[in-house]
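All chains are named by letter (A, B, ...) in the order of the sequence lines, taking the proteins before the strands, and each is independently numbered beginning at 1.
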Amino acid sequence: MSDNGRKTLDERNQMSDIERLRHSCAHVMATAILRIWPNAQFAYGPPIDHAVFGFYYDVELDHSITPDDFEKIEAEMTKIVKENQPFEKMEVSRDEALALAKSGRLGGLAERDVDSKFKVDLLNDIPEGEAISIFKNGDFWDLCAGPHVPRTGNCKGFKVMSVASAFYKGDANNAQLQRVYGTCFKNKTELAEHLEKVEEAKKRDHRKLGKELKLFHFDETVGQGLVLWLPNGATIRQELQNFISEELDRQGYSQVFTPHIGKLDLYRKSGHFPYYEDSQFSPIVDRAELEKLAEEGCSCGELSNRLRSGEVDGFLLKPMNCPHHIKIFASDHRSYRDLPVRLAEFGTVYRWEQSGELGGMTRVRSFTQDDAHLFCTEDQVEAEVLGCLDLVKKVLGTLGMTDYRVRVSLRDPDSSKYVGDPANWDRAEESLRKAAASLGVPFTEEPGEAAFYGPKIDFVVKDVIGREWQLGTVQVDYNLPERFELSYIGADNKPHRPVMIHRAPFGSMERFLGVLIEHFAGHFPTWLAPEQARILPISEKYNDYAKAIESKLKDAGVRVTSDMAGEKIGAKIRLAQLDKVSYMLVVGAKEEETQQVSIRHRQRGDLGSCGLEQFLGDIVAEIQSRAL
RNA sequence: GCCAGCUUAGCUCAGUGGUAGAGCAACUGAUUUGUAAUCAGUCGGUCGUCGGUUCGACUCCGACAGCUGGCUCCA
């Protein structure tokens with residue numbers, strides 16, 4: 001895409017058949033909307049390969065389009081498809097195009113009293129010398145570079161999916177438009193298959209499963225975006241943390257603990273407070289200090305200024321763990337022989353995300369990072385980054401998560417939001433590029449995605465509705481060591497500046513759990529499952545046998561319960577299936593006599609019976625090996 | 001933060017300008033059961049919160065909160 005968001009001509013020529021179809025369908029939808037609301041003003045209408053996997057068209061309209069209108073729009077679209085209008089391309093001069101836009105003809109069914117303001121504006125974005133074309137289907141004329149399918153009759157399997165809002169050109173200062181989403185396939189069968197898939201995906205939504213499986217809870221009295229981990233969710237988190245901790249021990253990390261707050265000066269020094277004040281919870285100021293200020297008649301605005309300038313001090317809920325870890329590093333003399341120093345912590349951080357951005361576990365206001373900061377020499381950077389990347393790969397591999405992409409997030413050369421010396425940035429970006437190249441998986445370089453203190457390598461996954469989320473991250477940072485004047489004594493007996501690496505394989509426990517729920521559709525591998533086995537006695541006569549088995553399994557460290565309810569076995573099984581318990585152990589007369597258990601796996605079904613000892617050995621091995 | 005929609009019992013959802021209903025869950029009893037729901041009964045809601053209109057509001061209007069979709073943002 002070019003800077004202004006338009007597809008380049010090259011990109012247009014590479015449009016796939018399905019994109020061409022969907023983009024054409026956007027024109028059909030615009031035509032339908034105009035027949036219903038002739039004064040609609042259209043802006044962009046591209047095909048998209050995320051969210052609804054179809055297209056959208058941005059429109060400005062007095063009437064607020066709601067899902068109740070979809071049927072009406074679709075009915076009109078059906079007519080237009082039946083009319084089988086040809087898409088005709090017409091090359092025009094810039095002046096001709098501008099005249100058509102000013103007369104309201106572009107993006108309209110006829111000339112209108114007002115100009116097609118967005119089309120007028122879009123014309124200005126077309127570079128001098130580039131051909132300007134108009135596509136017509138029936139009465140609808142649109143400024144469009146195409147390409148299109150031959151006729152509206154090609155758009156058979158379409159559906160209007162949703163409506164939301166969007167700022168014109170993605171700028172919050174611009175007009176807010178209604179973005180109508182639709183999807184389109186070659187035929188109705190393919191559309192139906194797609195809609196089926198969407199429905200299936202919704203069943204895996206972590207918010208739905210999180211509630212059903214009692215993993216986490218949000219309470220509006222506690223606060224928006226503040227997660228309450230229920231016992232089942234906490235079990236999973238604890239297992240994940242144990243898993244990471246084992247890897248940390250293996251790779252020479254030291255685990256530390258730090259408080260959830262720190263003085264404002266700490267974050268002034270790190271740059272967090274001045275650079276990201278808006279995304280932090282407000283500072284905590286001592287009550288006596290506040291009362292004194294109130295007596296002086298200090299206004300809220302004035303207080304903000306004084307906090308900013310440092311005249312008034314306070315504490316901040318930590319937005320990141322790095323300053324605390326930096327102070328741990330700085331708490332002792334460090335020799336080059338001590339490096340790398342690798343400090344790890346499951347550190348909880350707090351960020352004041354905009355209310356509209358919060359949702360489920362993927363975007364919250366308090367989350368715990370599986371964080372670590374590595375302090376090393378310049379020479380060690382590459383090996384340490386590779387070590388971190390290996391860790392991320394190992395973590396994702398153990399969980400069977402292969403569907404991720406790797407992004408090298410670089411600074412935006414035009415932005416001023418970054419701290420530090422550009423030369424340091426160059427070095428850091430270069431070392432990450434090298435590391436990414438040796439990773440053995442494809443990656444993309446994306447300017448503007450860097451952290452304010454340094455570039456990073458991010459592991460990005462998609463959720464059930466196609467949204468991308470950053471999980472694991474490895475970041476090289478030359479700047480914070482500079483700001484905090486960190487040093488170690490080198491072999492030359494002189495002080496040197498260490499390089500810092502930030503890394504978090506999961507990213508945050510909250511987001512990771514959310515993604516993990518959707519990845520497994522709630523069927524967590526046994527080592528993670530909140531309930532690994534449930535014993536289901538055929539009748540109350542076998543409750544004692546069930547209890548005996550339960551206690552044996554518990555002794556072996558298996559998370560197990562017994563269902564002693566006065567229900568039939570079918571009902572008990574159904575309940576266990578819904579709870580997604582890994583193994584159901586059915587016990588009745590046969591089993592008690594032979595000291596066996598009848599095993600049913602939640603996905604593999606009835607596995608027959610075997611001796612209790614054998615089952616115990618098998619499940620313990622499965623758990624210890626963290627089998628998928 | 002912005003635009004739109006939504007909020008009824010623990011959960012999933014009906015419902016109407018004349019003060020609420022189902023299924024599941026929970027509880028009690030009966031049943032003693034062989035691989036996805038045994039039967040019966042009981043309990044459960046100031047219809048998100050606060051205001052307004054009205055003789056009367058769960059229903060209409062407004063504000064606020066939360067949720068959902070998207071935009072902006074995401075160190």
Side-chain angles (χ1 to χ4, degrees), chain A residues 51-52 56 58 60 64-69 161-181 205 207-208 211-212 214 217-225 267 270-280 319-320 322 349 351-360 362-365 409 417-419 449-454 456 465 467 469-470 473 475 477 479-480 502 511 536-543 565-579 584-591 598-602 605-609:
Chain A
V52 302
Y56 65 78
D58 284 348
E60 188 180 70
S64 286
I65 295 175
T66 70
D68 293 338
D69 296 318
M161 301 293 285
S162 65
V163 60
S165 87
F167 296 110
Y168 180 56
K169 290 185 174 174
D171 186 336
N173 297 314
N174 285 344
Q176 192 148 25
L177 309 173
Q178 302 186 58
R179 178 166 291 180
V180 188
Y181 287 91
D205 191 314
R207 291 166 297 194
K208 182 174 148 69
K211 197 182 277 186
E212 286 174 3
K214 295 192 189 336
H217 176 70
F218 290 92
D219 185 293
E220 63 177 278
T221 311
V222 172
Q224 223 185 347
Y267 300 102
S270 68
H272 291 100
F273 187 62
Y275 279 82
Y276 285 93
E277 191 185 347
D278 288 347
S279 336
Q280 293 158 358
M320 291 190 87
C322 19
V349 297
R351 297 183 188 176
W352 188 257
E353 306 287 4
Q354 296 186 86
S355 60
E357 265 308 327
L358 298 169
T362 36
R363 196 79 183 270
V364 293
R365 281 186 173 154
S409 300
K417 74 170 187 177
Y418 306 100
V419 298
E449 293 291 330
F452 79 92
Y453 50 76
K456 44 185 190 150
I465 52 179
R467 290 181 293 209
W469 298 101
Q470 176 198 311
T473 181
Q475 317 177 356
D477 179 4
N479 291 312
L480 288 180
H502 310 239
R511 180 176 288 179
L536 312 177
I538 292 289
S539 85
E540 284 173 19
K541 287 186 232 159
Y542 313 104
N543 282 0
E567 290 285 350
K568 299 210 288 191
I569 193 65
K572 292 185 181 185
I573 285 172
R574 178 167 183 275
L575 199 60
Q577 287 284 156
L578 291 174
D579 289 343
M584 287 154 265
L585 304 180
V586 178
V587 295
K590 276 186 295 189
E591 288 76 13
S598 185
I599 305 164
R600 180 186 165 101
H601 185 267
R602 66 186 168 200
D606 193 342
L607 301 180
S609 34

B/C43 versus B/A4 - spacing of their P atoms, nearest Å: 44 Å
Under 4.0 Å from OP1 or OP2 of B/C71: is there any side-chain N or O of A/Lys169 that close? no
Rounding to an integer number of Å, can you tell me how far A/Trp352 CH2 sits from B/A75 C1'? 18 Å
Counter-base of B/G56, judged by Watson-Crick or G-U geometry with both distances under 3.5 Å: none
From C-beta outward on A/Ser598, which listed nucleotide comes closest to its side chain: B/G69, B/G34, B/A75? B/G34
Whole-angstrom distance between B/G66 and B/C50, as gauged at atom C1': 15 Å
So what does A/Arg600 touch, heavy atoms closer than 4.0 Å: a base, only the sugar-phosphate, or nothing? base
If I pick the P atom on B/A20 and the same atom on B/U59, what distance separates them, to the nearest angstrom? 13 Å
Is there a Watson-Crick or G-U wobble partner for B/G5 with both distances under 3.5 Å, and which nucleotide is it? B/C67
Rounded to whole Å, OH of A/Tyr542 lies from P of B/U35 at a distance of 14 Å
Under 3.5 Å, is there an N or O donor on one side and an acceptor on the other linking the side chain of A/Ser165 and the base of B/G70? yes
Can you tell me whether the side chain of A/Gln178 and the base of B/G70 have a donor-acceptor pair closer than 3.5 Å? no
note: A/Glu212, atom CD; B/U12, atom P; distance rounded to Å ~ 9 Å
Taking atom C1' in both B/G15 and B/G51, compute the distance separating them and give it to the nearest angstrom. 26 Å
On RNA chain B, check which nucleotide each of A/Ala172 and A/Ser64 is closest to and give me the residue with the more 5' one. A/Ser64
In whole Å, what is the span from the CG atom of A/Asn173 to the P atom of B/G1? 17 Å
Interatomic distance where NZ belongs to A/Lys572 and P belongs to B/A25 [whole Å]: 15 Å
Just call it for A/Ala164: base, sugar-phosphate, or nothing, with non-hydrogen atoms closer than 4.0 Å on any strand. base
Is A/Arg467 near enough to B/G70 that one of its side-chain N or O atoms lies under 4.0 angstrom from OP1 or OP2? yes
Within the structure shown, what part of the strands sits under 4.0 Å from A/Arg207 by heavy-atom distance: base, sugar-phosphate, or nothing? sugar-phosphate
Between A/Asp205 and A/Arg207, is there a side-chain N and carboxylate O pair less than 4.0 Å apart? yes
May I ask you to verify if any side-chain N or O of A/Gln577 is less than 4.0 angstrom from the OP1 or OP2 atom of B/U35? no
Opposite nucleotide pairing with B/U31, Watson-Crick or G-U, both atom distances under 3.5 Å: none
Does OP1 or OP2 of B/G1 have a side-chain N or O of A/Ser355 closer than 4.0 Å? yes
Mind calculating the distance between CZ (A/Arg574) and C1' (B/A25) to the nearest angstrom? 11 Å
Please classify the nucleic acid contact of A/Gly570 as base, sugar-phosphate, or nothing, using heavy-atom distances under 4.0 Å. sugar-phosphate
Think A/Gln224 has a side-chain N or O under 4.0 angstrom from the OP1 or OP2 of B/G66? yes
Between B/U19 and B/C58, how far apart are the P atoms? Round to whole Å, please. 11 Å
Out of B/U35, B/G5, B/U68, which nucleotide sits closest to the side chain of A/Thr66? B/G5
Just wondering, do A/Tyr276 and B/A75 stack (centres under 5.5 Å, planes under 30°)? yes
Spacing of A/Leu585 atom CG relative to B/U35 atom P, expressed in whole Å: 16 Å
If I pick the C1' atom on B/A36 and the same atom on B/A40, what distance separates them, to the nearest angstrom? 23 Å
Residue matched to B/C50 through Watson-Crick or wobble contacts both under 3.5 angstrom: B/G62
I want to confirm an ordering. Mapping A/Gly170 and A/Ala451 to their closest nucleotides on RNA chain B, which one lands closer to the 5' end? A/Gly170
Can a side chain N or O of A/Arg363 be found less than 4.0 Å away from OP1 or OP2 on B/C74? no
Phosphate contact (B/U33 OP1 or OP2) by A/Lys541 side-chain N/O below 4.0 Å: yes
Taking the same atom, C1', in B/C60 and in B/G17, what whole-Å distance lies between them? 8 Å
Assign A/Gly360 to base, sugar-phosphate, or nothing according to its heavy-atom contacts below 4.0 angstrom with the strands shown. sugar-phosphate
In this structure, how many angstroms lie between the C1' atom of B/G48 and the CZ atom of A/Phe218, rounded? 18 Å
Need the pair for B/C24. Rule: Watson-Crick or G-U wobble, both distances under 3.5 Å, any strand; none if unpaired. B/G10
Pairwise P distance, B/G69 and B/A26 [rounded to whole Å]: 30 Å
